[in-house]
Structure formats: structure tokens, C-alpha cells
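These notes are about the structure you will find just below.
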Amino acid sequence: MTAITLLQGDITRQSADAIVNAANSSLLGGGGVDGAIHRRGGPAILKDCRRLRASLPQALNCVRAGETPIGKGLRTGQAVATTAGNLDARWVIHTVGPRFSPHEDRSALLASCYREALRVADELGARTVAFPAVSAGIYGWPLEDAARIAVETVRAVATEVEEVRFVLFDERAYGAFAEQLG
Ligand code: AR6
């Protein structure tokens, strides 16, 4: 039985077996929670990300905004683990959420982020996993819908993880998740 808990705060201050990062396909860092995790976690995380990226089979033509194509990347909806560096965790699990689109239903990809992150957590033997609201920031997913997908997906997954902790940055996000948990 997996307990779902909610907390308002900064995910980089959490103590957990694994902390999930809302990354982008480059795995090379960015803004939002991604930037915060790399900042507080230190360079060991980026070093591990570079190593992982080099070993990825797919040659995605992924482009960071305004930059040159970087070749390889993690596909949207997938997840990989690295060291957690200086964070109070054993691993960071990086997942790439979809950008919200008003023209295309990408919900399955967002659900996949939570499922894949928990699959990786099971592989690692992580028992406590902290998640941010994937895609609900820079990627523009409406908060209420992002919360619904997150909670529904985690509830439906069969996992050995004992605690899934949603760590929401502000009151509004906390409220949206609390509403879903009922
Ligand atoms: N702790 C917890 N939640 C946070 C924190 C924090 N320290 N910082 C932000 N949030 P976002 P995305 C919340 O933008 O939408 C990056 O550049 C934030 O308020 O971090 O998946 C990546 O490299 C929001 O509710 O992730 C990608 O390019 C939620 O975390 C892109 O942003 C997710 O917001 C990914 O965008």
C-alpha cells in the first residue's frame, strides 16, 4: 500500500530516497525545479546526467530553446536516475514532462512520467519518493489537470514505494493537489 502525502515547500530541502526532477530531454539542466535541484545538488548530478545522456540509444533531435541541437536526449514521458549529489536523497529521478498543448491531448505522456519514475524507483529499491508537479510550471500544464493526472496515476500504479510525497512549491499548487486527494 502506497501512502500519498502532500507538503508545501522546496523539494530540494526534502529528505527522501529519491527526489524526482521535472527535467527536459537534454538532461543538462534548466530553470524551475530542474535548476534548483542542480544548484543545491551540485555538479555531481550534471556529471552523471552527461554520462547517462552519452549512453542513451536514441538520437533525438532535441533543441534547447534558442540553442544548437544537442543530439541525444531522454524522450518525453521517460525517466532515468542519477546520484543525488548533495541533496538529502540517494537518487534523483529525472523525468521529462510534456509541454501543455491546447491542440493535442498529451495527458498520457504526463501520466507516463509518474509511472516511469515509480518504475525506476522500484528498480532502485527506493521506498520514499518526492515528486514536484511535473509540467505545471514552465511547460504550462493547467494546475488542476496536472494534479488530477498525478494523483490518479500514482493511485493506479502497482509499486513497492511506500510513500509518494508531492512537494508543491506554492499554496495554489498545494490546494490543487489537496483537492484531488479529497
Ligand atoms: N520545489 C518544488 N517545486 C518547485 C520548485 C522547488 N524548488 N521549483 C519550482 N517548482 P517547472 P516543468 C514547481 O517549471 O513545468 C525547466 O527549465 C513549479 O512551481 O520546474 O515540468 C526544465 O529544464 C511548478 O509547479 O517544470 C524544463 O525545460 C512545478 O514545480 C522545464 O523547466 C514544475 O515547474 C520543465 O517544465
Side-chain angles (χ1 to χ4, degrees), residues 1-24 27 29-42 44-46 49 76-77 79-100 106-107 109-122 124 126-157 159-182:
M1 187 66 188
T2 308
I4 302 180
T5 56
L6 286 191
L7 205 133
Q8 190 184 328
D10 179 347
I11 202 168
T12 68
R13 300 285 189 179
Q14 290 296 301
S15 169
D17 290 338
I19 291 175
V20 176
N21 181 19
N24 61 66
L27 291 179
V33 75
D34 194 8
I37 282 175
H38 281 281
R39 259 193 316 276
R40 194 173 299 279
I45 299 179
L46 186 59
C49 281
T76 304
V80 289
T82 65
T83 174
N86 302 326
L87 298 178
D88 190 6
R90 295 175 71 187
W91 304 281
V92 170
I93 298 175
H94 307 261
T95 189
V96 182
R99 282 177 201 276
F100 179 76
R106 298 177 178 165
S107 311
L109 285 169
L110 184 53
S112 171
C113 289
Y114 290 94
R115 257 197 318 273
E116 285 298 300
L118 289 173
R119 189 183 58 73
V120 170
D122 278 338
L124 296 165
R127 293 292 176 259
T128 51
V129 180
F131 278 94
V134 179
S135 288
I138 292 165
Y139 280 179
W141 208 287
L143 199 48
E144 286 66 27
D145 201 48
R148 179 187 61 79
I149 293 167
V151 171
E152 279 181 8
T153 306
V154 168
R155 277 187 172 144
V157 169
T159 171
E160 297 298 310
V161 170
E162 289 163 8
E163 184 195 358
V164 166
R165 189 184 313 150
F166 289 112
V167 182
L168 294 320
F169 210 35
D170 55 30
E171 211 168 309
R172 214 185 120 233
Y174 181 88
F177 275 72
E179 178 86 4
Q180 289 302 320
L181 274 182

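Under the salt bridge (charged side-chain N to carboxylate O under 4.0 Å, His left out) criterion, no residue pair touches residues 2-19, with sequence neighbours excluded.
Pairing each heavy atom of Ser112 with each of Gly77, the nearest pair is OG-O, 2.6 Å. Across all their heavy atoms, Val120 and Ala81 have their closest contact at CG1-CB, 3.8 Å. Gly97 and Cys113 make their closest contact through CA-SG, 3.5 Å (heavy atoms, listed as atom of the first residue, atom of the second, distance).
Atom CD in Glu160 sits 8.5 Å away from atom CD in Glu162 (nearest 0.5 Å). In this structure, CZ in Arg99 is found 13.0 Å from CG in Leu109, a value given to the nearest 0.5 Å.
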Compile the donor-acceptor pairs under 3.5 Å between side chains in residues 131-141 and protein atoms, sequence neighbours left out, one pair per line.
from, atom 1, to, atom 2, distance (Å)
Ser135, OG, Pro98, O, 2.7
Trp141, NE1, Asp145, OD2, 3.0

Tell me which donor-acceptor pairs under 3.5 Å the side chains of residues 163-170 have, and how far apart each pair is, sequence neighbours excluded?
from, atom 1, to, atom 2, distance (Å)
Glu163, OE1, Arg165, NH2, 3.2
Glu163, OE2, Thr5, OG1, 2.5
Glu163, OE2, Arg165, NE, 3.0
Arg165, NH1, Gln14, OE1, 2.7
Arg165, NH1, Ser15, O, 3.0
Arg165, NH2, Ser15, O, 3.4
Asp170, OD1, Arg172, N, 3.4
Asp170, OD1, Ala173, N, 2.9

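Side-chain contact check for Thr2 versus Val157: every heavy-atom pair is 4.5 Å or farther apart.
With sequence neighbours left out, the side-chain hydrogen bond (donor to acceptor under 3.5 Å, both in side chains) criterion links Glu152 to Arg148. Not counting sequence neighbours, Glu179 has no partner by the side chain to side chain contact (heavy atoms under 4.5 Å, CB included) test. Scanning for side-chain hydrogen bond (donor to acceptor under 3.5 Å, both in side chains) contacts around Arg119 gives Glu116, Glu123, with sequence neighbours left out. Checked against side-chain hydrogen bond (donor to acceptor under 3.5 Å, both in side chains), Thr153 has no partners two or more places apart in sequence or in another chain. Under the side-chain hydrogen bond (donor to acceptor under 3.5 Å, both in side chains) criterion, Ser107 pairs with Asp105, sequence neighbours left out. Thr82 meets the side chain to side chain contact (heavy atoms under 4.5 Å, CB included) test with Ile45, Asp48, Cys49, Leu52, Val92, His94; sequence neighbours excluded. Here Ala178 pairs with Leu6, Tyr174 under the side chain to side chain contact (heavy atoms under 4.5 Å, CB included) rule; sequence neighbours left out. With sequence neighbours excluded, no residue forms a salt bridge (Lys or Arg N to Asp or Glu O under 4.0 Å) with Arg115. Remark: Ala121 pairs with Ile93, Ala126, Val129, Val161 by the side chain to side chain contact (heavy atoms under 4.5 Å, CB included) rule, at least two apart or across chains.
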Step by step, would you call Ile19 with Thr12 a side chain to side chain contact (heavy atoms under 4.5 Å, CB included)? CA-CA 8 Å; Ile19 291 175; Thr12 68; over 6 Å; no
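For Asn24 (side chain) and Gly29 (main-chain N/O), a donor-acceptor pair under 3.5 Å exists by modelled atom type.
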